Amino acid sequence: MISLAFIGRLSPQLNQMRLIFLMTIAMEGLYFVAILAVLVIRIFYPAYRRWPTVAINIILILWPPFGTALAIYGFLKVDKKIPEISN
(Lines give C-alpha, C1' and ligand atoms only; values in the text may rest on other atoms or scores of the structure.)
Protein backbone atom coordinates (compact mmCIF):
# COMPACT_ATOMS: atom_id res chain seq x y z
CA MET A 1 0.00 0.00 0.00
CA ILE A 2 2.79 2.39 0.87
CA SER A 3 4.74 1.48 -2.25
CA LEU A 4 1.70 2.23 -4.41
CA ALA A 5 1.42 5.66 -2.81
CA PHE A 6 5.05 6.43 -3.69
CA ILE A 7 4.64 5.15 -7.25
CA GLY A 8 1.57 7.35 -7.66
CA ARG A 9 3.52 10.40 -6.52
CA LEU A 10 6.50 9.74 -8.78
CA SER A 11 4.47 9.14 -11.91
CA PRO A 12 4.17 12.36 -13.94
CA GLN A 13 1.49 10.75 -16.12
CA LEU A 14 -2.13 11.69 -16.56
CA ASN A 15 -4.52 12.27 -13.70
CA GLN A 16 -6.27 9.02 -14.61
CA MET A 17 -3.22 7.05 -13.55
CA ARG A 18 -3.19 8.82 -10.22
CA LEU A 19 -6.86 8.04 -9.76
CA ILE A 20 -6.16 4.37 -10.42
CA PHE A 21 -3.41 4.39 -7.81
CA LEU A 22 -5.67 6.15 -5.30
CA MET A 23 -8.48 3.69 -5.96
CA THR A 24 -6.12 0.75 -5.41
CA ILE A 25 -4.79 2.27 -2.21
CA ALA A 26 -8.35 2.93 -1.00
CA MET A 27 -9.37 -0.68 -1.68
CA GLU A 28 -6.37 -2.06 0.19
CA GLY A 29 -7.05 0.36 3.03
CA LEU A 30 -10.64 -0.85 3.29
CA TYR A 31 -9.46 -4.46 3.41
CA PHE A 32 -7.06 -3.51 6.19
CA VAL A 33 -9.78 -1.71 8.18
CA ALA A 34 -12.14 -4.68 7.82
CA ILE A 35 -9.44 -7.08 8.99
CA LEU A 36 -8.67 -4.88 12.00
CA ALA A 37 -12.37 -4.62 12.88
CA VAL A 38 -12.75 -8.41 12.89
CA LEU A 39 -9.55 -8.76 14.91
CA VAL A 40 -10.93 -6.37 17.56
CA ILE A 41 -14.21 -8.31 17.66
CA ARG A 42 -12.34 -11.61 18.01
CA ILE A 43 -10.23 -10.27 20.89
CA PHE A 44 -12.76 -8.26 22.91
CA TYR A 45 -16.05 -10.06 22.09
CA PRO A 46 -15.18 -13.77 21.73
CA ALA A 47 -18.80 -14.89 21.96
CA TYR A 48 -19.67 -12.93 18.79
CA ARG A 49 -16.64 -13.79 16.71
CA ARG A 50 -17.97 -16.47 14.38
CA TRP A 51 -20.09 -14.44 11.93
CA PRO A 52 -17.66 -11.53 11.54
CA THR A 53 -14.94 -14.11 10.83
CA VAL A 54 -17.07 -15.76 8.15
CA ALA A 55 -17.83 -12.34 6.66
CA ILE A 56 -14.16 -11.36 6.52
CA ASN A 57 -13.34 -14.73 4.92
CA ILE A 58 -15.89 -14.01 2.19
CA ILE A 59 -14.34 -10.58 1.64
CA LEU A 60 -10.78 -11.95 1.70
CA ILE A 61 -11.47 -14.61 -0.90
CA LEU A 62 -11.63 -11.79 -3.46
CA TRP A 63 -8.13 -10.55 -2.56
CA PRO A 64 -5.68 -12.83 -4.41
CA PRO A 65 -3.24 -14.43 -3.72
CA PHE A 66 -2.66 -14.01 0.01
CA GLY A 67 -6.25 -13.23 0.93
CA THR A 68 -7.59 -16.19 -0.99
CA ALA A 69 -5.27 -18.60 0.81
CA LEU A 70 -6.08 -17.01 4.17
CA ALA A 71 -9.82 -17.16 3.47
CA ILE A 72 -9.68 -20.83 2.52
CA TYR A 73 -7.78 -21.56 5.74
CA GLY A 74 -10.39 -19.56 7.66
CA PHE A 75 -13.26 -21.48 6.11
CA LEU A 76 -11.64 -24.83 6.86
CA LYS A 77 -10.09 -24.34 10.30
CA VAL A 78 -11.27 -21.30 12.24
CA ASP A 79 -14.15 -21.31 14.74
CA LYS A 80 -15.62 -24.74 14.14
CA LYS A 81 -16.62 -24.95 17.78
CA ILE A 82 -18.54 -22.09 19.34
CA PRO A 83 -16.94 -20.99 22.64
CA GLU A 84 -19.17 -21.26 25.69
CA ILE A 85 -19.94 -18.16 27.73
CA SER A 86 -19.24 -18.56 31.43
CA ASN A 87 -21.37 -16.54 33.83
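This structure is a prediction, so every number in the text was calculated from the model and none was measured. The residues of the chain are indexed from 1 along the displayed sequence.
Here the shortest heavy-atom pairing between Asn57 and Gly74 reads ND2-C, 3.4 Å.
In this structure, Leu62 CG and Thr68 OG1 are separated by 7.5 Å, a value rounded to the nearest 0.5 Å. In this structure, CD in Glu28 is found 11.0 Å from CZ in Phe32, a value given to the nearest 0.5 Å.
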Could you pull out every donor-acceptor pair under 3.5 Å between side chains of residues 35-45 and any protein atom, sequence neighbours left out?
residue	atom	partner	partner atom	Å
Arg42	NH1	Thr53	OG1	2.8
Arg42	NH1	Asp79	OD2	2.6

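For Ile58, the side-chain contact (heavy atoms from CB on, under 4.5 Å) partners at least two apart in sequence or on another chain are Val54, Phe75.
Placement of Leu70 and Trp51 within a single hydrophobic cluster is found when ILVMFWY residues are connected by side-chain heavy-atom separations under 4.5 Å, directly or transitively.
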